[in-house]
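Order of the sequence lines sets the chain letters (A, B, ...), proteins ahead of strands, with each chain counted from 1. As a basis for the values below, the full set of heavy atoms in this structure was taken, side chains included, without hydrogen atoms, waters or symmetry mates.
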Amino acid sequence: DAGVTQSPTHLIKTRGQQVTLRCSPISGHKSVSWYQQVLGQGPQFIFQYYEKEERGRGNFPDRFSARQFPNYSSELNVNALLLGDSALYLCASRVDLSGANVLTFGAGSRLTVL
Amino acid sequence: EDQVTQSPEALRLQEGESSSLNCSYTVSGLRGLFWYRQDPGKGPEFLFTLYSAGEEKEKERLKATLTKKESFLHITAPKPEDSATYLCAVMNTGFQKLVFGTGTRLLVSP
């Protein structure tokens, strides 16, 4: 079975540009979450979506936005990029929001902002 | 605010030398405590979920335990392939996000 797939795997942008990252969840999983992992730190929660609705937002500026599509895939958009946005962006999917069911992570998209 | 603190930051072991990693947490109401393994440049890989104090889970050379304030990941007779960063995270009963610690970088030398 395919796991969580993310694209692109690596990308380089310059300050002020915009970026879109994509995520396809495991088949049958209806919830997708996004996390930012700065080098040497643990992942930090950005967004959670379930059934195409936002169900949670972390402490990130409005430059960060996301959406979930009818097929449960998701996009994360970051506008007006700053050097500090350089990080590994992780997508995680889970079956639903009940209990403490497991979040399965993708390999991430490595963003470098110059 | 939920918090997770992991120690040590880094740990170097010889192959076969057993040890433990610590995860201290504060959470408003624990829905679950998660352990993940992360290899360089990759996403976290799920290891265990613990739900209540006293619970223990095992997988190969790894054993996770949980108390009301901390969790331990015991590594018995580690091998070089166990080298990775081990992340601990909590999920509370209200909000659905995971709150991660900064991880323990484990290096096992042959």
Side-chain angles (χ1 to χ4, degrees), chain A residues 3-7 9-10 21 23-26 29-51 53-60 66 87-112, chain B residues 1-10 21-25 27-52 55 57 59 64 66 71 73 84-105:
Chain A
V4 178
T5 57
Q6 294 187 241
S7 64
T9 54
H10 296 85
L21 308 178
C23 172
S24 293
I26 292 172
H29 285 197
K30 298 181 179 180
S31 177
V32 168
S33 299
W34 288 94
Y35 287 77
Q36 181 197 64
Q37 187 175 24
V38 174
L39 196 63
Q41 300 295 314
Q44 272 202 299
F45 172 75
I46 310 175
F47 285 110
Q48 178 171 261
Y49 278 79
Y50 177 64
E51 291 281 17
E53 291 188 3
E54 183 182 306
R55 292 297 194 96
R57 184 186 183 114
N59 189 23
F60 280 81
L88 181 67
Y89 288 86
L90 296 163
C91 174
S93 75
R94 58 193 292 202
V95 172
D96 53 36
L97 300 186
S98 64
N101 50 50
V102 174
L103 277 76
T104 301
F105 284 85
S109 293
R110 171 72 64 188
L111 172 64
T112 301
Chain B
E1 186 176 331
D2 300 340
Q3 280 192 317
V4 175
T5 302
Q6 292 188 246
S7 62
E9 289 186 7
L21 282 55
N22 177 263
C23 170
S24 298
Y25 66 92
V27 64
S28 53
L30 183 68
R31 181 176 288 239
L33 184 140
F34 297 75
W35 282 98
Y36 285 86
R37 167 192 171 130
Q38 187 173 28
D39 293 301
K42 297 189 177 181
E45 175 189 347
F46 172 74
L47 294 173
F48 304 108
T49 308
L50 301 168
Y51 298 98
S52 58
E55 189 174 2
K57 288 191 177 175
K59 179 182 179 181
L66 181 66
S71 177
L73 185 65
T85 294
Y86 291 85
L87 295 165
C88 173
V90 295
M91 180 185 292
N92 69 29
T93 53
F95 201 45
Q96 300 289 341
K97 69 178 182 181
L98 287 177
V99 175
F100 282 88
T102 54
T104 293
R105 296 189 311 278

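Contact between A:L90 and B:P44 at its shortest, heavy atoms only, is CD1-CD, 3.8 Å. Contact between B:L87 and A:G42 at its shortest, heavy atoms only, is CD2-CA, 4.3 Å. Across all non-hydrogen atoms, the minimal contact from A:V102 to B:Y36 is CG1-OH, 4.2 Å.
Environment of CD in A:E54: crowded, with over 12 heavy atoms of neighbouring residues, nucleotides or ligands closer than 6.0 Å. With a 6.0 Å radius and a threshold of 12 heavy atoms from other residues, nucleotides or ligands, A:K30 has its NZ atom at or below the threshold.
Among B:R105, B:Q6, B:Q38, the residue with the largest count of heavy-atom pairs under 4.5 Å with chain A is B:Q38.
For A:Q37, the part lying under 4.5 angstrom from a heavy atom of chain B is the side chain only. The contact between A:R55 and chain B is made entirely by backbone atoms, counting heavy-atom distances below 4.5 Å. Heavy atoms of A:L103 lying under 4.5 Å from chain B belong to its backbone as well as its side chain. For a residue to count as touching a neighbouring chain, one of its non-hydrogen atoms must lie under 4.5 Å from one of that chain's; by this rule B:K42 touches chain A with the backbone only.
Judged purely by atom type and a 3.5 angstrom limit, A:Y35 uses its side chain to pair as donor or acceptor with the backbone of B:L98.
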